Amino acid sequence: MEHVGATFARLSRDLQPQERTCLALYVGGFSDKHTNEIEMLELPEALQPQGLENVCAHTDFKITCGGLTKPPITAIKCVSDMNVVATAGTETCVCLWMRDPDNTDLLTLHTSLPLRNDQSIASSRPVLLDHTPDTPSWLLGAKTAGSATVWDLNSNLPISLPIHTHGAGSSSSADHSPLHGIKFVGPQLCVVCSGKDIGSLVLWDLRSPTVAAQAQVPCSTPHRDKTQVTTTSFALSVDRATGRVVVLSAQGEVSVFEARKLGTALCSCTLNQGQKQSYTGGGRFSGMRTTAAANLCIEFSCSGTKVAVSGLTNGVSIYDTGSWSSSTQEVSPMFTHTGHEAECPGAVVLTHTWHPVFADTVLSADSEGNLHAWQWKSQLDK
């Protein structure tokens with residue numbers, strides 16, 4: 001896949017309901033100079049759940065269908081119940097793809113969904129996507145808090161919801177501040193992380209015109225770039241089973257909140273990062289999203305007891321959140337995958353995701369187009 005990066009969604013079931021249902025992964029390119037691909041990759045036999053080994057008897061990722069798009073893809077979300085895949089980039093719309101009924105090897109663009117009218121949207125900001133299994137036909141997209149839109153994919157129309165994007169006593173300019181994350185945390189509930197200098201968390205109840213809860217994200221002095229502009233980047237993940245929210249800053253500080261009680265963090269600590277991320281440029285992705293702030297990523301494991309972190313170093317680190325408490329100050333990783341740097345020196349991990357069945361397996365992708373599936377093991381078990 002020349003000129004194709006590796007921004008991908010969580011592992012999802014196949015697009016079409018079939019007798020043989022294998023786990024599949026969706027990848028997309030984000031080059032601003034070349035035509036990009038979106039592809040569905042069937043996972044190899046070793047990564048399929050028990051009982052599907054003979055159905056998916058291949059030893060590598062298998063391309064089952066794909067399509068072409070000119071705009072870069074920075075977000076992918078599979079809505080399997082609706083048989084569609086949603087993609088987004090820096091444009092003010094979300095694209096829906098479907099498998100061609102006459103050519104099942106082809107993903108075709110079904111329609112484009114515009115975001116809420118927000119004149120302040122900066123063209124360089126990527127659209128963020130989320131989907132909730134609680135309401136299978138709903139899709140959430142946003143560039144800023146003020147542009148957040150929920151569509152019902154049964155009609156592809158936006159839902160009229162009384163969304164308030166700023167808290168009492170704050171100005172509506174918060175609606176247009178940089179958006180770092182937006183996630184469903186339960187039925188009718190979303191958590192939003194935004195802010196330029198200081199991160200803020202807001203809980204939306206989509207049935208109410210008032211903010212349900214809000215909090216400030218603990219963070220040290222923001223980074224100053226060469227133009228002396230103060231910027232801080234954050235990454236957000238939600239464990240829907242427990243209602244917990246974790247926020248990671250580009251300074252390596254992490255805070256865990258209870259979504260419905262955002263006032264005070266359950267714990268805040270600093271990650272022992274080891275070697276910082278470095279990138280020399282060049283290669284197929286020169287000039288692309290290859291900075292720690294752009295590629296910051298944190299994800300709860302399916303059990304909610306671990307988090308995987310990338311974007312701070314050239315690897316992906318696993319941390320045990322079960323050992324964190326209000327008195328925890330600094331934590332070290334249980335395991336760090338350094339295979340991307342070892343295979344291709346200078347490669348930057350762009351994103352990662354947990355396997356939905358195997359708790360010890362993570363998939364990650366880098367700036368050179370490499371996709372890794374790897375198992376982690378606690379240092380204590382060695």
Side-chain angles (χ1 to χ4, degrees), residues 128 145 166-167 169-170 174 177-183 185-186 189-204 211-224 230-277 292-301 303-313 315-336 352 354 378:
L128 304 180
H166 53 277
S170 64
S177 61
L179 184 65
H180 306 289
I182 182 167
K183 299 281 187 182
V185 72
L189 290 175
C190 291
V191 64
V192 182
C193 181
S194 62
K196 181 179 179 181
D197 301 331
I198 299 174
S200 65
L201 281 178
V202 173
L203 180 67
W204 294 344
V211 170
Q214 56 185 333
Q216 181 175 309
V217 179
C219 181
S220 62
T221 305
H223 168 72
R224 288 185 179 271
T230 302
T231 58
T232 297
S233 183
F234 299 90
L236 172 71
S237 183
V238 167
D239 178 27
R240 289 192 180 102
T242 62
R244 289 183 303 152
V245 177
V246 63
V247 183
L248 172 69
S249 76
Q251 286 74 32
E253 295 162 316
V254 63
S255 298
V256 179
F257 296 85
E258 185 178 344
R260 290 170 174 80
K261 300 177 182 178
L262 288 179
T264 303
L266 298 176
C267 62
S268 296
C269 53
T270 300
L271 302 183
N272 187 342
Q273 304 168 37
Q275 184 178 359
K276 296 296 184 67
Q277 186 187 65
N295 305 312
L296 199 62
C297 182
I298 186 168
E299 281 207 9
F300 272 115
S301 63
S303 66
T305 60
K306 310 287 190 300
V307 290
V309 173
S310 63
L312 296 175
T313 70
V316 185
S317 296
I318 308 295
Y319 294 87
D320 181 10
T321 61
S323 64
W324 298 358
S325 68
S326 58
S327 61
T328 303
Q329 294 183 344
E330 183 176 277
V331 292
S332 297
M334 303 172 63
F335 180 88
T336 298
H352 67 267
W354 293 85
S378 171

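Everything numeric here is computed off the predicted structure, so don't read it as measured data.
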Trace of the side-chain contact (heavy atoms from CB on, under 4.5 Å) decision for Leu201 with Phe234 = CA-CA 11 Å; Leu201 281 178; Phe234 299 90; over 6 Å; no
According to side-chain contact (heavy atoms from CB on, under 4.5 Å), who are the partners of [X], at least two apart in sequence or on a separate chain?
X: Cys269; value: Val254, Trp324, Thr328, Val331
X: Ser326; value: none
X: Ser255; value: Pro218, Phe257, Ala265, Ser268

Would you mind reporting whether [Y] and [X] have side-chain heavy atoms less than 4.5 Å apart?
X: Ile298; Y: Tyr319; value: no
X: Val191; Y: Val238; value: yes
X: Lys183; Y: Val245; value: no
X: Ser200; Y: Gln214; value: no

What pairs of residues pass the salt bridge (charged side-chain N to carboxylate O under 4.0 Å, His left out) test when at least one of them lies in residues 234-248, not counting sequence neighbours?
-> Asp130-Arg240, Asp239-Arg244
How many angstroms lie between atom [atom1] of [X] and atom [atom2] of [Y], to the nearest 0.5 angstrom?
X: Leu179; Y: Leu128; atom1: CG; atom2: CG; answer: 5.0 Å
X: Lys306; Y: Ser317; atom1: NZ; atom2: OG; answer: 14.5 Å
X: Ser233; Y: Leu248; atom1: OG; atom2: CG; answer: 8.5 Å
X: Ile318; Y: Met334; atom1: CD1; atom2: CE; answer: 8.5 Å
X: Ser237; Y: Phe300; atom1: OG; atom2: CZ; answer: 6.0 Å

Does Ser327 have any side chain to side chain donor-acceptor pair (under 3.5 Å) partners at least two apart in sequence or in another chain, and if so, which?
-> Ser325
Non-neighbouring partners of Thr270 that pass side chain to side chain donor-acceptor pair (under 3.5 Å), sequence neighbours left out =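 Result, side chain to side chain donor-acceptor pair (under 3.5 Å) vs Thr270: none returned.
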